[in-house]
Amino acid sequence: MIDMIQNTEKAVWIGVDLGTTGVRAIAYDIQGNNVCASEAFYPLLTPHPDWAEENPLQIFESVEQVIAETAAQLRYKNRVLEGISLSTVMHSFVGLDESYEPLTDMQTWADSRSVDIVKEMKADEALCRRFYEKTGCPIHACYPLAKVIWMKRNMPELFARMHYVGSIKDYLFRNLTGEWVIDHSTASTSGMYNEADMDWDAEILAYAGLRREQMPRTVSTTYQGKLAETAAKAMNLPSGLPVVIGATDGVLVNVGIGAVRPGQLSATIGTSGALRMLTEKPMTDPKMRTWCYNLTDDMWVAGGAINNGGMILRWVRDKICHYTKTHLENLDVDGYDLMTMKAAHIAPGAEGLIMLPCFTGERAPYWNSELRGMLFGLSLNHSRSHIIRATMEGICYSMNTVLLALKEFGDIRDIRVSGSFTKSQLWLQILADVLNQELTLPDNSEGAAFGAAVLGFIASGKLKGISDTAELVHPKKRYQPIAGNVETYRELYDIFARLYWKLQPEFADIAAYQKNM
């Protein structure tokens, strides 16, 4: 009995968090402690304007690398690996041949080459509303539905050779286990999945020119496969090790930071950004501003994601400040720390400089791929420091547009934060001021990786459900809105919001000009 208790205490699950440009494998015990971790990175390919692709094989090799490295650390720590559970980025699409091999590189969520197809679809308002109410997905270029139609029109030979419609989740799971299935969560982010039936929608598949047999079988997010011999050998792990298919990174963030009760929201800013709340049934917005995706068989996540989060601050770092690694390595300082220090010397509101950070179009709440970035209000007194602060503030303004939509779903009593922006106390305070809401930084801000591990513990019977995580995650620090800053941001946000609505034709014209360059 003593040995059994000790083995349970030593048991861990590896949560794999696959993001836009990198992957982490983090081992957690049943108490939610981070035992060890490893990470790897891969490039985002942009061969043409509006294209954003990645190589699926390169991603899978990175996944194998981080799992193997984390498992090796566990052996040195004398911990027992019970299984692996997956969290992957949303909205990916790759056509697969009869051997489940990719026909092209994979289109990511950031790929907006199908914007013209989306414009055509939006001309039929009744169709857009019907598809949205079925799927919980607004019509937008980020969704695989539009990507599939683009391939059908622009790569007809490859479309004809496409035996299977793949995403990064089912591609990884098949390479790990040999099974070709997709979880309800990832399927629900495709724009082709009927949330009431919890299966592929026949009308939408026909609209896209797809057959039901081309789609993977849908399964619960706690579905278990077994690690195949080839993958096991590559990672120095035992074959047959449980592999839980898991869910998408967006919905798992709420689980990972303990935002699992009514009125609790998660706010994340990483490469992109999002606000999300758990619901017990699929919820759609009459104005079609928000999405709704599956988490478990009886739990959903309503929210909105913005395209342009930390990637815009990275652009400022590289293109405006020129804080390259080579430039700063002799100073022994991080570029983002230096940017935060400079921005902190600028008063809230950046002296009237407003950044519209829509460099790659925008998802929630506008769902407009033709949006572009803009610095508004520039004057001679503005410096790079003002631009840095205005960028942080502009991303928070975008987050506020999503919050205003979610407030119509119910009262908000707690917002928990996660993502790379939590490393900046200044940025956290700006968000609290712009949203005019208290923010809670949890002691576990890993988010999706821990959420994936939780699904592993649920699948193994160690946890009853996701609500158990509420007791595992505790507040580390709280950020209160500052009254004077709230008033400043309220005034500037009003201008920010009007810029979008007043410049619709100009955004469309400049997007068309850039496309034809």
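The side-chain hydrogen bond (donor to acceptor under 3.5 Å, both in side chains) pairs that include a residue from residues 137-146 are H140-S369, Y143-Y293, where partners are two or more places apart or lie in different chains. Counting only residues at least two apart or on different chains, the side-chain hydrogen bond (donor to acceptor under 3.5 Å, both in side chains) pairs with a member in residues 394-409 are R289-E408.
Here the straight-line distance linking atom CZ of F376 with atom CG of L356 works out to 10.5 Å at 0.5 Å rounding. To the nearest 0.5 Å, atoms CG (N307) and OG (S112) are separated by 8.0 Å. From T88, atom OG1 reaches atom CG of D17 across 9.5 Å, with rounding to the nearest 0.5 Å. For the atom pair CZ (R372) and SG (C358), the distance works out to 10.0 Å, reported to the nearest 0.5 Å. Within the model, atoms CG of L86 and CD1 of I14 stand 11.0 Å from one another, a figure rounded to the nearest 0.5 Å. Taken to the nearest 0.5 Å, the OG atom of S420 stands 9.0 Å off from the CG atom of L313.
Distance alone, capped at 3.5 Å, places no donor-acceptor pair between the Y28 side chain and the A452 backbone. Under a 3.5 Å cut-off, the side chain of Q429 and the backbone N or O of Q480 do form a donor-acceptor pair. Side chain of H382 to backbone of S379: a donor-acceptor contact under 3.5 angstrom is found. Looking only at distances, a side-chain donor or acceptor of R276 sits under 3.5 Å from a matching main-chain atom of G250. Remark: the backbone N or O of F131 is paired with a side-chain donor or acceptor of T135 at under 3.5 angstrom. Of the possible donor and acceptor atoms, none in the side chain of D443 sits under 3.5 Å from a partner among the backbone N and O of K476. Between the side chain of N368 and the backbone N or O of E370, at least one donor-acceptor pair lies under 3.5 Å. Side-chain atoms of N308 never come within 3.5 Å of backbone atoms of I312 as a donor-acceptor pair (strictly under, hydrogens ignored). The closest donor-acceptor contact from the side chain of T271 to the backbone of G310 lies at 3.5 Å or more, if one exists at all. No donor-acceptor pair closer than 3.5 Å links the side chain of S85 to the backbone N or O of A453.
With 3.5 Å as the limit, one finds no donor-acceptor pair spanning the side chains of R416 and T440. Using modelled atom types, one finds no donor on one side chain facing an acceptor on the other under 3.5 Å when comparing T290 with D285. T340 and W427 form no side-chain donor-acceptor contact under 3.5 Å, judged by distance and modelled atom types alone. Checking S87 against D249 by side-chain atom types alone, no donor-acceptor pair falls below 3.5 Å. For S220 and D297, the side-chain atoms include at least one donor-acceptor pair closer than 3.5 Å. The closest side-chain donor-acceptor pair between T186 and D183 falls under 3.5 angstrom. Between the side chains of D116 and S114, no donor-acceptor pair of N or O atoms lies under 3.5 Å. Side-chain atoms of H386 and E351 include a donor-acceptor pair closer than 3.5 Å.
The shortest heavy-atom contact between V66 and S38 is O-CB, 3.7 Å.
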Q: Evaluate the criterion salt bridge (charged side-chain N to carboxylate O under 4.0 Å, His left out) for residue pair R113 and E53; output intermediate values, then yes/no.
A: CA-CA 11 Å; R113 73 184 75 173; E53 300 180 324; 2.9 Å; yes

Q: Quick one: do R498 and D494 satisfy salt bridge (charged side-chain N to carboxylate O under 4.0 Å, His left out)? Show the steps, please.
A: CA-CA 6 Å; R498 282 187 279 134; D494 181 63; 3.1 Å; yes

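For R384, the salt bridge (charged side-chain N to carboxylate O under 4.0 Å, His left out) test picks out no residue, with sequence neighbours left out. Scored by the side chain to side chain donor-acceptor pair (under 3.5 Å) test, T46 finds no partners at all (sequence neighbours excluded). Residues satisfying the side chain to side chain donor-acceptor pair (under 3.5 Å) criterion with S167, sequence neighbours excluded, are D170. By the side chain to side chain donor-acceptor pair (under 3.5 Å) test, R389 pairs with E393, Y489, sequence neighbours left out.
Of the charged side-chain nitrogens involved, at least one lies within less than 4.0 Å of a carboxylate oxygen, so that E471 and R261 count as a salt-bridged pair. Salt-bridge check for R413 with D411: failed, with every basic side-chain N at 4.0 Å or more from each acidic carboxylate O.
The number of heavy-atom neighbours closer than 6.0 Å to NZ of K119, taken from other residues, nucleotides and ligands shown, is 12 or below.
The shortest distance between side-chain heavy atoms of M283 and W300 does not fall below 4.5 Å. Considering only heavy atoms from C-beta on, Y336 comes within 4.5 Å of R317 through its side chain. Y493 is listed as a side-chain neighbour of L404, based on a closest heavy-atom distance under 4.5 Å. The closest side-chain heavy-atom distance from Q107 to W150 is below 4.5 Å.
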